[in-house]
Each structure stands twice: as C-alpha cells, then as structure tokens.
Amino acid sequence: KAEIGVVEESTGKFEKIAETRAWSWQQGAMLQWYPVEPEGTIMYNDNRDGQFVCVIRNIGNGKERILPRPVATVSRNGKWSMSINFSRLAVLRPGYGYEGIPDPFENELVPEKDGIFWMNNETGNSKLIISTAQIAKFRHEARMDGLVHRFNHLQFSPDDRRFIFLHRYKKKEQLDADHITRLCTADIDGGNICLLNENNFTSHFDWKDSGHVIAFAARSENPGWKYFLFTDQSEEVKQYGTDELSSFGDGHCSFAHNGSIMMTDTYPRENKERMLMLYNDRNGDLFELGRFYSQPWITQARCDLHPRWSRDGMKICFDSSHEGTRQIYVADVSGLVEKMKK
C-alpha cells in the first residue's frame with residue numbers, strides 16, 4: 001500500500017489522509033485534484049474488496065464516494081472519466097498498471113468486452129465506448145494478427161469534446177519486446193475515431209489546443225524521432241519546433257499559457273542527468289531550467305521528472321532522485337514565464 005497525503009509547501013510537512021493499493025511507479029494512483037472542487041477534494045484509484053475503483057475524497061472532512069471503475073483520465077470540467085483495464089496493463093507494460101487483481105481477459109488477444117470505458121463522475125454509470133477488438137479492426141493491418149492489444153495514456157481535449165489515446169500491440173510471449181504504437185483520437189462517446197499516427201513509434205504527447213496535438217513520434221516522410229504537430233481529424237502533420245528541440249529526444253511535454261509555452265524534459269543524458277526545459281512556441285527560444293542526476297534504478301522504478309504545471313502556469317512541479325531518494329520539487333518560474341510572454 002502507498003500513503004496519500006498533502007504537503008504544506010512552505011514547510012514541507014506531509015499529512016497523511018488516505019492509503020491506496022492501486023498504484024504503479026510510473027502512473028501512481030492517478031492522484032489529482034477533483035476539477036469540480038479543486039481546492040479541497042482529491043481523486044485517486046484504489047483496490048476496494050478486490051475491485052479497482054476511483055475514490056473522490058474531501059481532504060477536510062474525510063467524506064468520500066466511490067466510482068466503480070479506476071480512472072485513466074478525467075475531463076477538464078470534472079464531469080466524466082475514461083477507464084481502462086489496469087490489470088492488463090500491469091502484465092503487458094510493467095510499471096504502468098496495477099498489481100493484485102488478475103486480468104479476466106488475460107487469454108484474449110483482442111477482447112470484445114474490454115477496452116476504453118466512459119464513466120459519469122456524478123453517478124458512476126459507465127459504458128464501453130471502444131473495445132479492444134474494435135480498435136484492432138480499425139484500419140487493420142495484417143501485422144496486427146496474432147498479437148496482444150491494449151490501451152494506455154488517455155487524455156481529454158481542452159474543450160472536453162474529444163480524447164486521445166495510444167493503441168499498442170506486440171507478441172504476447174515476448175513481453176519485454178518493444179510494442180508497436182498507434183496514436184488515435186475520438187469523440188467522448190467513442191465515435192469519429194481518427195488515426196493521427198500509424199507509424200510504429202509514438203511516445204509522449206499533449207493537446208496544444210482543442211484541435212492540435214504535439215507528440216514525440218516517427219514519420220516516414222520526415223525520418224528520425226521528433227516532435228510533430230498533428231491536426232485532429234485530418235491528415236495534416238508537420239514537424240513542431242526547432243531541430244534543436246527534437247535533438248534532446250523524447251520528453252514528457254505539456255503546455256500552458258494558451259499553448260504558447262511548452263515544458264518538457266529528457267531521459268538521462270550526459271553524466272546520467274535529465275534536463276528540464278521551457279520552449280517558447282512563438283520564437284523558438286529554449287530555456288534550460290536545470291539538470292538532475294538520475295539514480296540508476298531498474299526500469300519499472302525509475303524516477304522520470306514527469307514535470308507538470310500549476311493551474312496558473314507560474315510554478316512547476318517535478319519528481320527527481322538527484323538527492324539520493326525519490327522526492328517532489330516545486331519551482332517558481334513566474335519571472336521566466338513573464339519574460340517569455342513579452
């Protein structure tokens with residue numbers, strides 16, 4: 001089990017408020033502030049009575065209610081969530097799913113009754129909107145046959161009308177082998193599926209706005225792994241940013257300030273250090289925020305920076321192990337942001 005709590009930023013004091021048995025090294029328990037009440041209510045996944053669920057809990061009075069499925073992403077308005085099979089993910093991508101509950105579809109390569117579920121955060125009602133079998137048939141290729149398929153990394157668009165997800169597949173008997181990835185979007189009811197990138201490689205991404213997605217990916221017409229700008233529900237795609245930006249490699253990218261500033265990081269580079277950067281979308285300026293030594297832990301337990309913005313876009317929060325243990329760090333970037341916006 002893992003402890004869940006709140007940290008007083010000025011003193012670093014940690015106050016435990018809950019526990020969870022549904023967490024992973026790379027995605028945690030999907031712990032986040034509940035968008036409907038972001039100042040005092042949290043959401044997180046847990047294992048209750050042999051079922052993965054989502055808990056919505058008020059940190060002041062301790063009152064909680066349970067949603068019958070774990071969340072993989074939550075809409076910006078807080079009304080809906082998307083859920084996937086975290087037991088399947090734990091087997092096929094260790095470090096990202098949840099241990100403790102067997103996958104009921106373990107023996108099925110493309111289950112008909114499993115996939116992406118939409119859930120109402122008020123009522124808990126849910127429904128399967130894209131099955132694993134359905135996505136395997138969508139724009140099907142012969143190389144998909146005989147492979148085991150799954151979903152991961154879902155995210156609502158800023159206007160909550162669509163969502164993005166990764167469809168991944170590989171040989172079941174070679175769980176350590178690299179997966180093949182397709183980047184897709186769809187309406188929140190599962191309709192109007194759009195295949196943004198069908199090339200073998202797509203990694204981290206973020207919505208730049210409700211019509212555009214930035215992803216670190218591969219494209220046949222522009223060789224090499226780079227950041228690309230995809231226009232949703234179209235075949236329009238072009239390289240995003242400068243060659244210098246892409247030269248740092250794959251990173252956990254995210255946007256603030258109406259898509260004008262991108263934050264990203266790197267995997268360990270020289271001296272096993274991870275870089276943290278801000279990129280000015282308007283003029284291509286790149287600002288290095290720091291380099292942080294990465295402890296040489298095993299793959300599942302590695303400590304990526306996973307940087308994220310505060311709601312006002314004036315602070316950032318990131319994980320790091322450069323002081324010997326896994327910790328959370330907060331940095332005030334307001335001065336730099338104001339400079340970049342001028």
Do the two ring centres, one from Phe228 and one from Tyr240, sit under 6.0 Å apart?
-> no
Straight-line distance of Tyr96 OH to Gln26 CD, nearest 0.5 Å | 4.5 Å
Lys315/Asp332 ion pair, N-O < 4.0 Å = no
Thinking salt bridges, do Arg326 and Asp319 make one under a 4.0 Å N-O criterion?
-> no
Under 4.0 Å between a Lys/Arg side-chain N and an Asp/Glu carboxylate O for Arg21 and Asp46?
-> no
Interatomic distance, Thr41 atom OG1 to Asn58 atom CG [nearest 0.5 angstrom] | 4.5 Å
Under 6.0 Å from the CD atom of Glu9, do we count more than 12 heavy atoms belonging to anything else shown?
-> no
Give a yes or no on whether Glu236 atom CD has more than 12 heavy-atom contacts from other residues, nucleotides or ligands under 6.0 Å away.
-> no
With ILVMFWY side chains joined below 4.5 Å, transitively, what does Phe117's cluster contain besides itself?
-> Leu128
Do the charged groups of Arg57 and Glu64 touch, with an N to O distance under 4.0 Å?
-> yes
Does Trp25 sit in a hydrophobic cluster with other residues, and if so which ones, taking ILVMFWY side chains as linked at heavy-atom separations under 4.5 Å, directly or through other members?
-> Trp23
Using modelled atom types only, decide if a donor and an acceptor are shared between the side chain of Ser310 and the backbone of Ile316 within a distance under 3.5 Å.
-> no
Roughly how far, to the nearest 0.5 Å, is CZ of Phe52 from OH of Tyr98?
-> 8.0 Å
May I ask you to say whether Arg302 pairs ionically with Asp304, meaning some side-chain N is under 4.0 Å from a carboxylate O?
-> yes
Taking the inter-plane angle between the rings of His167 and Phe151 on a 0 to 90° scale, is it parallel (under 30°), tilted (30 to 60°) or perpendicular (over 60°)?
-> tilted
Please answer whether the main-chain N or O of Gln295 pairs with a side-chain N or O of Ser321 as donor and acceptor at a distance below 3.5 Å.
-> yes
Would a hydrophobic clustering, with Ile, Leu, Val, Met, Phe, Trp and Tyr connected at side-chain separations under 4.5 Å, put Leu286 with Leu276?
-> no
Below 4.0 angstrom, N of the basic side chain to O of the carboxylate: do Glu106 and Lys172 qualify?
-> no
In plain terms, say whether Arg274 and Asp265 are close enough for a salt bridge, that is, a side-chain N and a carboxylate O under 4.0 Å apart.
-> no
Report the distance from atom CD of Glu221 to atom CG of Asn199, rounding to the nearest 0.5 Å.
-> 7.0 Å
Quickly, which of Asp187, Asp189, Asp209 forms a salt bridge (charged side-chain N to carboxylate O under 4.0 Å, His left out) with Arg162? Name it, please.
-> Asp187
With sequence neighbours left out, what residues match Tyr329 under ring pair (Phe, Tyr, Trp, His ring centres under 6.0 Å)?
-> Phe318, His322
Report whether Met82 and Val53 are members of the same hydrophobic cluster (ILVMFWY, side-chain heavy atoms less than 4.5 Å apart, transitive linking).
-> no
Parallel, tilted or perpendicular: ring planes of His204 versus His153, cut at 30 and 60 degrees | tilted
Consider only side-chain N and O atoms of Ser254 and Asp206, and report whether a donor and an acceptor are under 3.5 Å apart.
-> no
Passing candidate, side-chain contact (heavy atoms from CB on, under 4.5 Å) with Pro111, options Arg88, His149, Arg150 = Arg88
Separation of Ser83 OG from Lys127 NZ (nearest 0.5 Å) | 14.5 Å
Which atoms form the tightest heavy-atom contact between Phe86 and Val71, and what is the distance?
-> CZ-O, 3.6 Å
Taking Asn280 for its side chain and Met340 for its backbone only, find out whether a donor-acceptor pair lies under 3.5 Å.
-> yes
Electrostatic pair Arg182:Glu198 at N-O distance under 4.0 angstrom = no
Please round to the nearest 0.5 Å and tell me the distance separating atom CZ of Arg269 and atom NZ of Lys272.
-> 16.0 Å
Within the distance-only criterion (no hydrogens, no angle test), does the side chain of Lys226 pair as donor or acceptor with the backbone N or O of Leu245 below 3.5 angstrom?
-> no
